[in-house]
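Not measured: the values here are computed from a predicted model.
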Amino acid sequence: MSNTKYRGIFTVYNTLTRQKERFEPLHSGHVGMYVCGPTVYGDPHLGHARPAITFDVLFRYLTHLGYKVRYVRNITDVGHLENDADEGEDKIAKKARLEELEPMEIAQYYTDRYHTFMDRLNVKRPSIEPRASGHIIEQLQVVEEILAKGYAYESHGSVYFDVPKYNRDYQYGKLSGRVLDDLMSSTRDLDGQEEKRSSFDFALWKNASPEHIMRWPSRFGDGFPGWHLECTAMSSKYLGTQFDIHGGGMDLMFPHHECEIAQGTIAKGHEPARYWMHNNMITINGQKMGKSLGNFITLEEFFTGSHRLLASAYSPMTIRFFILQAHYRSTVDFSNEALQAAEKGLQRLMDARATLDKLKTGAHTNYDIDAFEKSCYDALSDDLNTPLVIAALFDATKAINTIAAGQASMTADDLVRLKGLFERFMGDVLGLSTEVASTGGDEKLGEVMQLMLHLRSEAKAAKNFALSDQIRDELSKLGFVIKDGKDGATWELK
RNA sequence: GGUCGGUUGGCCGAGUGGUUAGGCAACGGUCUGCAAAACCGUGUACGGCGGUUCGAAUCCGCCAUCGACCUCCA
């Protein structure tokens, strides 16, 4: 189901202009969207979850609004320069040598891992997921285009983008608010940059040293593409030289996206994206997550609870919900306390969704369904304000529970609408799916549970509370939660 | 050092020039054999100091503080 009625009011914060703007696609009814994907040299971690979920919701919402969306998210598998204390070394190549595997084997393994964990977070796969290694030819074409326009130069088998020249004719740094002259005067010189005319020039093509095992032939010699180039080559190939939305983490704003703008402007004649959207970072106990800080938590560790900072395991949906409870442009801090609160809140929402199916209808409705619908659309259309949508869902939850408690009522028609809205916003757009088939699922299990509840209620009727409590407690040990209500007990499997 | 962004009640986290965010936790009550769940009620928060205004937590200035980026990073 889609709703084109709300298309016109969708606003997004555009990093380029530093303000919210009404979203209007380049081609009516169609949206092209590019998001920087993972570098597949390590296990997916919390940092991967934030942009994936943020732009997943954007993808879902635009689709819901009735746009035909082409969502492109790349896989970086050619390795990028690693700037450790010593010489630059290709990340993937380094890992490969350590584990004595073919580089592509590493890339494939971590790509699969990425997919597995994103699937568990209920992140939809993009429309196209291009690999950098599969687009070497396209990247070399971009190099040629930039060389032909005179904004790049060859040096020792590498090709560099001429940033000072670009800055004279255009404006380098407009996205991140940097001024090249300021940067020049305040940045230290790095070693090994004598090949470059300016320290701010960046590689379009990098010469591969003999020990560098990820390499491709080119007219400049064997080498590999520079670390900003794939996005320019692949976005223009699949979305056109200008497209609607470019997304990614805030940390990519400079220099990565700045370089993309420069490359696109020269090679393709104009800036690549009209709206730039950046998600903020995550912190752990108020501290930036980083390998050196010892608070680097992979998604697998989260799902299994196998990290010393975690008091317990947290389900994929808890993490998704937790991330969506904060606005994407705010930092979000992970702590056990906050995660446990999110876990309970999500449970309340899930319970309400299940209750919706058991609700008895009445002659009139005490609630304003239209207002609920409107607040959901208003929230999402205001730069994807997922916390407000969730607040609206909690308001609806209260209504559902009040009706279930027999203190308010709802007509059959309104109930159908409310169910539809719940599914639409909680399920389709926010992507909060039910993790465990609770009361549904196994038919035989349901029958057995009905039998257990029946025996318990007979014990209660006979005032044999020892037995009824024993049934409840034993079931509880097995993970079944028994809830006594006005019309008898219900159960859930946690 | 430069650029940018935060600082909201016990915790998380929206928002806004004057009217309830929401969740979690806490407390009181209803229901219950008990408990859980659910429902009802309670908290009057916006870093500090000035300024603008009839009125600011919301706008402006200064200060404090935290963080991000500037170097691989989502």
Send over the distance from [X] [atom1] to [N] [atom2], rounded to a whole Å.
X	N	atom1	atom2	answer
M350(A)	rG23(B)	CE	C1'	15 Å
I282(A)	rC66(B)	CD1	P	21 Å
H256(A)	rU71(B)	NE2	C1'	16 Å
Y13(A)	rG5(B)	OH	C1'	9 Å
H228(A)	rU71(B)	NE2	C1'	12 Å
H257(A)	rA68(B)	NE2	P	19 Å
N336(A)	rC24(B)	CG	P	18 Å
I400(A)	rA37(B)	CD1	P	18 Å

Inset, instruction - Please state whether the phosphate of rA14(B), meaning OP1 or OP2, lies under 4.0 angstrom from any side-chain nitrogen or oxygen of S330(A). - result: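 Answer is yes, contact under 4.0 Å.
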Legend entry - Under 4.0 angstrom between N385(A) side-chain N/O and rA14(B) OP1 or OP2: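 The answer is no; no side-chain N or O of N385(A) sits under 4.0 Å from OP1 or OP2.
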Looking only at the side chain of [X] (C-beta and beyond, no hydrogens), which of the listed nucleotides [options] gets closest?
X	options	answer
K344(A)	rG22(B), rA38(B), rA25(B)	rA25(B)
A341(A)	rG23(B), rG13(B), rC73(B)	rG23(B)
Q325(A)	rA38(B), rG22(B), rA36(B)	rG22(B)
M289(A)	rA74(B), rA37(B), rC39(B)	rA74(B)
A391(A)	rG33(B), rA14(B), rG22(B)	rG22(B)
K483(A)	rC24(B), rA36(B), rC11(B)	rA36(B)
R456(A)	rG33(B), rA74(B), rC4(B)	rG33(B)

For [X], report the nucleic acid contact type (base, sugar-phosphate, nothing); a contact means any heavy atom under 4.0 Å.
X	result
F465(A)	base
D333(A)	sugar-phosphate
G345(A)	sugar-phosphate
S476(A)	nothing
M250(A)	nothing
K398(A)	sugar-phosphate
R50(A)	nothing
S468(A)	base

Under a 4.0 Å threshold between the charged nitrogen and the carboxylate oxygen, would [Y] count as salt-bridged to [X]?
X	Y	result
R456(A)	D484(A)	yes
D473(A)	K477(A)	no
D469(A)	R472(A)	yes

In whole Å, what separates the [atom1] atom of [N] from that of [M]?
N	M	atom1	result
rC11(B)	rC49(B)	C1'	28 Å
rC54(B)	rG47(B)	C1'	27 Å
rC59(B)	rG15(B)	P	13 Å
rA14(B)	rC63(B)	C1'	27 Å
rC69(B)	rU16(B)	P	27 Å
rU44(B)	rA57(B)	C1'	13 Å
rC4(B)	rU19(B)	C1'	34 Å
rC73(B)	rG55(B)	C1'	47 Å

Legend entry - With V123(A), the side-chain contact (heavy atoms from CB on, under 4.5 Å) member among H115(A), H48(A), M118(A):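 Among H115(A), H48(A), M118(A), the one that satisfies the side-chain contact (heavy atoms from CB on, under 4.5 Å) with V123(A) is M118(A).
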Legend entry - Single hit among F200(A), F161(A), Y160(A) for ring-ring contact (aromatic ring centres under 6.0 Å, His included) with Y166(A):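 Going through the options one by one, the only one that passes is F161(A).
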Legend entry - Aromatic centroids of F334(A) and F302(A) separated by under 6.0 Å: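 Yes, the ring centres sit under 6.0 Å apart.
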Legend entry - Ring geometry between Y172(A) and F202(A) (parallel below 30°, tilted from 30 to 60°, perpendicular above 60°): parallel
Legend entry - Aromatic plane relationship, F303(A) with F117(A) - under 30° parallel, 30 to 60° tilted, over 60° perpendicular: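 The arrangement is tilted - the two ring planes meet at 30° to 60°.
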Going by modelled atom types, is there a donor-acceptor pair between the base of [N] and the side chain of [X] at under 3.5 Å?
X	N	answer
R472(A)	rA35(B)	yes
D469(A)	rG33(B)	yes
R348(A)	rC24(B)	no
N280(A)	rA68(B)	no

Inset, instruction - On RNA chain B, check which nucleotide each of T397(A) and A466(A) is closest to and give me the residue with the more 5' one. - result: A466(A)
Legend entry - Residue met sooner reading RNA chain B from 5', once S335(A) and P255(A) are mapped to nucleotides: S335(A)
Inset, instruction - In sequence, state the C-alpha distance, the side-chain angles, and the governing distance for Y61(A) and F10(A), and then conclude on ring pair (Phe, Tyr, Trp, His ring centres under 6.0 Å). - result: CA-CA 10 Å; Y61(A) 188 53; F10(A) 185 42; 5.4 Å; yes
Inset, instruction - Answer yes or no: are there more than 12 heavy-atom neighbours, outside K124(A) itself, under 6.0 Å from its atom NZ? - result: no
Inset, instruction - Quick one: pull up CD1 in I284(A) and OG in S335(A) and give me the separation to the nearest 0.5 Å. - result: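 So the gap between those two atoms works out to 10.5 Å.
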Legend entry - Secondary-structure string, 5' to 3', Watson-Crick or G-U under 3.5 Å, | for another-strand partners, for RNA chain B: (((((((..(((.....[...))).(((((.......)))))....(((((..]....))))))))))))....
